[in-house]
Amino acid sequence: MNIDGIPTRTLRAHPEQRLIDIIDQTRLPHALHWVRVATLTEAAHAIRAMQVRGAPLIGATAAYGLAIALGDDASDARLSEAAALLRSTRPTAVNLHWALARMENVLQPLSTAARCAAAWAEAAAIAEEDVVQNAAIGQHGLKLWQDLIVADGQVLNIMTHCNAGWLATVDHGTALSPVYAAHDAGVPVHVWVSETRPRNQGLLTAWELAQHGVPHTLIADNAAGLLLRQGKVDAVIVGADRIAANGDVANKVGTYLKALACADNGVPFYVAAPRSTLDFACSEGADIPIEERDGDEFRFVHGLDHHAQPAALRQLPADEDVANPAFDVTPNWLVKAIITERGACPASRDGLLGLYPEEADD
Ligand SMILES: CSC[C@H]1O[C@H](OP(=O)(O)O)[C@H](O)[C@@H]1O
């Protein structure tokens, strides 16, 4: 999407130099800082440290990380070792594992001489598919929301959690794609942006919405329930890191609480995700691995000091016990619809197979 009016993606591939450039999202919203990733170690670090984050973007970055890894050595051992390292970076977003499996399936049958070029081509295909699919999610979501517009000039008030915008993908985003589609189609839309403790990805959402000129208001996570109860939200839409075959949804921690509040207030709760986020091999949400991140992500808050320099402020003693699960699981019955590049469906096995019949067991 746009940065200062210039169409921009989160990742720029330079196959001729065997490297990629990524936006370092740990520096946003205060600084737009591009980082060069030229080694397997740098690619794994970028994912693990959340310089790149968001399920689809994690998958695309891992695919390019594998291509980078094969530059000097495309042996079976290197392919296997590199995929294993990238796979170990983050457990929940199935897109990472999907992308690596797809890359391995393409590369393993090839000669070592053919693997590097093929890896760059397949990683590019994964990235381009993400862009096209997320744009389609936007159109399907916009069509779904037409029913929410009941009066001329009505502002569509949407709430979201975390960042499932273009920063979480190669472009367009998933949950925010219908928001951009509505805005660009002239539908008045406003977004309630939940800050999403402890990593505050909501600040990324606010930044990217501001860059595209979409009206929005940042809120503390705990303010969401009040706004829902006051009737100030027409719909909630979130992304996903893994959707099980039965429609249960793993997403940023706090998502489940918003879904519960939506159910209690009759507000539709939507989940937007491309095919790479659907895990048909995972039967239900209880089987989704939940990432536990370092407690210091909770013990410190990050921002700018008085000299506008990046700083970390300790808010808890070092020995304070904390729990820092990065995701939770929203059961399918709380989800109004899942919006994919193929359209919207109920959050159920039949619903998902209706859109993806090729995934049905023979
Ligand atoms: C479009 S997927 C975005 C998804 O990923 C985020 O997790 P993280 O920031 O830890 O990578 C969050 O769960 C978003 O909904």
Side-chain angles (χ1 to χ4, degrees), residues 1 9-11 22-26 28-29 46-62 89-99 127 130-131 133-138 141 159-180 191 193-205 207-208 221 236-243 249-259 269-279 285 288-294 297-298 324-330 335 338-341:
M1 300 307 280
R9 290 182 178 182
T10 49
L11 179 153
I22 59 162
I23 294 175
D24 179 353
Q25 298 189 32
T26 64
L28 288 173
I47 296 169
R48 190 176 284 117
M50 296 173 65
Q51 288 178 304
V52 291
R53 39 140 309 277
L57 180 56
I58 288 172
T61 304
T89 52
R90 298 189 72 188
T92 305
V94 69
N95 313 59
L96 168 67
H97 307 275
W98 166 86
D130 187 56
V131 173
Q133 290 179 356
N134 295 336
I137 287 173
M159 179 181 285
T160 192
H161 187 69
C162 196
N163 172 257
W166 72 269
L167 287 172
T169 67
V170 178
D171 204 351
H172 292 288
T174 57
L176 293 189
S177 189
V179 169
Y180 290 126
V191 183
V193 178
S194 203
E195 66 175 343
T196 315
R197 287 274 297 142
R199 289 291 300 239
N200 291 348
Q201 288 93 327
L203 303 183
L204 305 181
T205 296
W207 181 84
E208 70 167 78
D221 297 322
V236 172
I237 188 167
V238 299
D241 291 80
R242 190 182 306 221
I243 298 175
V249 176
N251 195 51
K252 185 54 51 200
V253 67
T255 299
Y256 173 48
L257 292 177
K258 283 186 169 63
F269 181 86
Y270 296 105
V271 177
R275 168 62 185 86
S276 53
T277 307
L278 307 179
D279 186 356
I288 299 173
I290 300 297
E291 179 184 17
E292 182 75 27
R293 291 191 65 90
D294 190 297
E297 292 188 356
F298 196 98
N324 187 17
F327 301 97
D328 62 20
V329 175
T330 298
V335 179
I338 295 172
I339 305 168
T340 79
E341 72 280 358

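When a ligand or atom number is given, it counts from 1 through the structure's own listing order. Numbers here simply count residues along the sequence, with the first being 1. Since the model is a prediction, treat every value here as computed from it, not as a measurement.
- Residue-level proximity to ligand 1 for M50 is carried by the side chain, the only part with a heavy atom below 4.0 angstrom.
- Residue, atom and distance of the protein heavy atom nearest to atom 3 (C) of ligand 1 are N163 O, 3.5 Å.
- For E341, the side-chain hydrogen bond (donor to acceptor under 3.5 Å, both in side chains) partners at least two apart in sequence or on another chain are Y356.
- Summary of contacts: the protein heavy atom closest to atom 1 (C) of ligand 1 is T174 OG1, 3.2 Å.
- With sequence neighbours excluded, the residues that form a side-chain hydrogen bond (donor to acceptor under 3.5 Å, both in side chains) with T26 are D24.
- Distances shorter than 4.0 angstrom occur between a heavy atom of C162 and an atom of ligand 1.
- Counting atoms of ligand 1 from 1 in the listed order, those under 4.0 Å from a heavy atom of A55 are 2 (S), 3 (C), 5 (O).
- At a 4.0 Å cut-off, at least one heavy atom of R90 sits close enough to ligand 1 to count as contact.
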Fill in: Test log, rule side-chain contact (heavy atoms from CB on, under 4.5 Å), inputs V238 and K258
CA-CA 10 Å; V238 299; K258 283 186 169 63; 5.6 Å; no

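- Residue-to-ligand polar distances keep A168 apart from ligand 1: every N/O pair is separated by 3.5 Å or more.
- Side-chain contact check for W166 versus T10: some heavy-atom pair is nearer than 4.5 Å.
- Between T255 and V249, every side-chain heavy-atom pair lies at or beyond the 4.5 Å cut-off.
- Taking 4.0 Å as the cut-off, A240 counts as a neighbour of ligand 1 on heavy-atom distance.
- Looking at heavy atoms from C-beta onward, I288 lies out of side-chain contact with F327 at the 4.5 angstrom threshold.
- Taking every heavy atom of P56 and a limit of under 4.0 angstrom, the matching atoms of ligand 1 come to 1 (C), 2 (S).
- Side-chain atoms of T92 come within 3.5 Å of backbone atoms of E291 as a donor-acceptor pair (strictly under, hydrogens ignored).
- In terms of polar-atom proximity, defined here as any N/O pair under 3.5 Å, R53 does make such a contact with ligand 1.
- Nearest-heavy-atom check against atom 13 (O) of ligand 1 across T277, D241, V249 picks out D241.
- For the residue pair T205 and N163, a side-chain donor N or O sits within less than 3.5 Å of a side-chain acceptor on the partner.
- Only the side chain of Q201 comes within contact range of ligand 1, with a heavy atom under 4.0 Å; no backbone atom does.
- Taking 4.0 Å as the cut-off between side-chain N and carboxylate O, R197 and D221 do not count as a salt-bridged pair.
- Contact annotation: T255 has no heavy atom less than 4.0 Å from any atom of ligand 1.
- If you check each of D130, N251, V271, N134 against atom 14 (C) of ligand 1, the one with the closest non-hydrogen atom is N251.
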